[in-house]
Amino acid sequence: MSEKILVIGANGQIGTELVNTLRNIHGAENVIASDINSPTYAIRNSGPFEFANVLDKDNLHHLFDKHRPTQVYLLAAILSAVGEQKPKVAWDLNMTGLIHILDFAVEFKTAKVFWPSSIAVFGPHSPKFNTPQYCVMDPNTVYGFSKLAGERWCEYYYAKHGLDVRSIRYPGLIGWRASPGGGTTDYAVHIFHEAIKNGKYESFLTADTALPMMYMDDAIRATISLMDAPAKNLSIRSSYNLAGISFTPAQLADEIKKHLPEFEISYSGNDPRQPIADSWPKSIDDSQAQHDWGWQLEFDLPKMTFDMLDNLKKTI
Ligand code: AKB
């Protein structure tokens with residue numbers, strides 16, 4: 001049976017890349033990109049596009065009824081930094097949006113749903129190094145506890161309604177095709193743009209702030225591998241830990257300097273994103289993803305840095 005795939009939040013950092021990959025795999029006409037905002041040129045010109053507002057039930061009902069998707073990827077969300085500026089809006093969008101999609105997926109018998117969680121589900125009392133799948137979780141950002149509650153809803157819909165929901169706790173994501181949208185890990189994308197354009201970058205996180213990160217190619221491959229995995233292999237229906245690469249702003253700057261020796265980094269200090277970063281893990285244990293669906297990382301720090309610079313230089 002051919003798939004009909006609906007991607008909600010297609011204009012964002014993950015959506016831009018995921019739509020492209022899914023259209024290559026399943027055929028452009030079978031992947032409906034949707035977003036609350038007008039699409040990018042690439043998305044509009046490579047396949048179908050629909051406007052979607054996850055808070056508007058009538059609009060969503062119409063979309064599900066019209067396309068009868070076999071798979072839905074819900075990517076619309078407010079991330080950690082912007083979420084702290086608009087806490088209630090972030091909670092509403094991240095939670096109500098998810099529940100609408102879970103309900104329509106049950107009603108329209110959608111075969112599989114993907115919903116992204118994040119390392120933000122961990123908090124100050126979670127283990128900082130090699131953070132396990134199961135441990136104390138006390139997130140202190142609205143984004144973080146909306147993701148943790150969302151994980152509980154996903155597992156609940158799987159248990160109560162048999163809905164095949166799958167999820168990954170993404171680390172900070174780094175890609176060259178699209179900009180990140182208001183997170184704490186955004187520095188790791190901005191630094192590449194500034195290194196190429198201006199030869200210098202002022203980091204809003206301190207030199208030694210280690211965080212788990214992942215190159216977008218790995219993140220997209222992980223997402224599709226998880227969605228393709230046989231359901232019987234999946235032991236986690238909340239969200240899978242994914243480790244990625246852990247590094248600090250100083251380590252990333254050193255790696256960039258190997259290609260751009262004149263590059264200079266400075267640190268602003270006193271940024272509201274610092275305490276968010278300090279509350280998150282420094283490294284993650286993803287042995288369950290390796291075991292259940294054969295996950296293996298491909299891009300380490302040198303390989304990711306080379307590829308980012310190489311591709312960005314052609315586009316900036
Ligand atoms: C953020 O920084 O908010 C996101 C995330 C880690 O989920 N990139």
Side-chain angles (χ1 to χ4, degrees), residues 9 11-18 73-87 89-91 93-95 97-98 114-124 126 128 131 137-151 154 167-193 203-206 209-220 222-223 238-249 252 271-284 286 289 297 299 304 308:
N11 292 356
Q13 192 194 14
I14 305 173
T16 306
E17 308 237 10
L18 189 64
Y73 291 75
L74 170 59
L75 306 175
I78 292 185
L79 300 188
S80 57
V82 173
E84 293 310 289
Q85 288 153 19
K86 313 183 223 177
V89 178
W91 174 258
L93 181 84
N94 295 355
M95 264 329 45
L98 171 62
F114 179 84
W115 174 79
S117 187
S118 160
I119 55 160
V121 292
F122 299 109
S126 307
K128 285 273 175 259
T131 308
M137 296 165 96
D138 58 347
N140 56 12
T141 61
V142 177
Y143 173 65
F145 56 77
S146 73
K147 286 294 179 189
L148 184 53
E151 289 188 5
C154 289
S167 175
I168 284 172
R169 291 174 179 155
Y170 288 124
L173 298 181
I174 301 170
W176 55 272
R177 286 193 186 83
S179 302
T184 302
T185 57
D186 292 11
Y187 92 86
V189 178
H190 297 153
I191 192 172
F192 284 100
H193 288 258
S203 169
F204 55 77
L205 296 182
T206 57
T209 307
L211 285 171
M213 302 278 185
M214 182 176 276
Y215 197 41
M216 193 56 89
D217 294 42
D218 272 333
I220 299 296
T223 307
S238 52
S239 190
Y240 278 93
N241 271 10
L242 268 204
I245 337 160
S246 288
F247 56 79
T248 64
L252 179 55
D271 189 279
R273 288 163 284 193
Q274 186 66 44
I276 301 179
D278 291 341
S279 76
W280 289 352
K282 297 186 182 301
S283 61
I284 299 273
D286 66 6
L297 190 79
F299 283 82
M304 188 257 312
M308 268 301 274

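Order of listing sets the numbers, starting from 1, for every ligand and every atom in it.
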Residue that, paired with Phe114, satisfies side-chain contact (heavy atoms from CB on, under 4.5 Å) out of Leu18, Ile168, Leu74: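 In the set Leu18, Ile168, Leu74, the residue that makes a side-chain contact (heavy atoms from CB on, under 4.5 Å) with Phe114 is Ile168.
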Donor-acceptor contact present, side-chain Thr209 to main-chain Leu205, <3.5 Å: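 Checked: no pair found.
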One pair per line, please: each N/O atom of ligand 1 matched with every protein N/O atom under 3.5 Å away, atom names first, then the distance to 0.1 Å.
{"residue": "ligand 1", "atom": "2 (O)", "partner": "Ser80", "partner atom": "OG", "Å": "3.4"}
{"residue": "ligand 1", "atom": "2 (O)", "partner": "Thr184", "partner atom": "N", "Å": "2.7"}
{"residue": "ligand 1", "atom": "2 (O)", "partner": "Thr185", "partner atom": "N", "Å": "3.1"}
{"residue": "ligand 1", "atom": "2 (O)", "partner": "Thr185", "partner atom": "OG1", "Å": "3.3"}
{"residue": "ligand 1", "atom": "3 (O)", "partner": "Ser80", "partner atom": "N", "Å": "3.1"}
{"residue": "ligand 1", "atom": "3 (O)", "partner": "Ser80", "partner atom": "OG", "Å": "2.5"}
{"residue": "ligand 1", "atom": "7 (O)", "partner": "Ser118", "partner atom": "OG", "Å": "2.6"}
{"residue": "ligand 1", "atom": "7 (O)", "partner": "Tyr143", "partner atom": "OH", "Å": "2.7"}
{"residue": "ligand 1", "atom": "8 (N)", "partner": "Thr185", "partner atom": "OG1", "Å": "2.9"}

Chi angles and distances behind the side chain to side chain donor-acceptor pair (under 3.5 Å) call for Ser117, Ser167: CA-CA 6 Å; Ser117 187; Ser167 175; 5.1 Å; no
4.5 Å side-chain heavy-atom contact, Gln13 and Leu173: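 The answer is yes, as the side chains (C-beta and beyond) meet within the 4.5 Å cut-off.
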Side-chain heavy-atom pair Pro171, Leu211 within 4.5 angstrom cut-off: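 They are not in contact (no side-chain heavy atoms under 4.5 Å apart), so the answer is no.
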Basic-acidic side-chain contact under 4.0 Å: Arg169, Glu151: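 Answer for the salt bridge query: yes.
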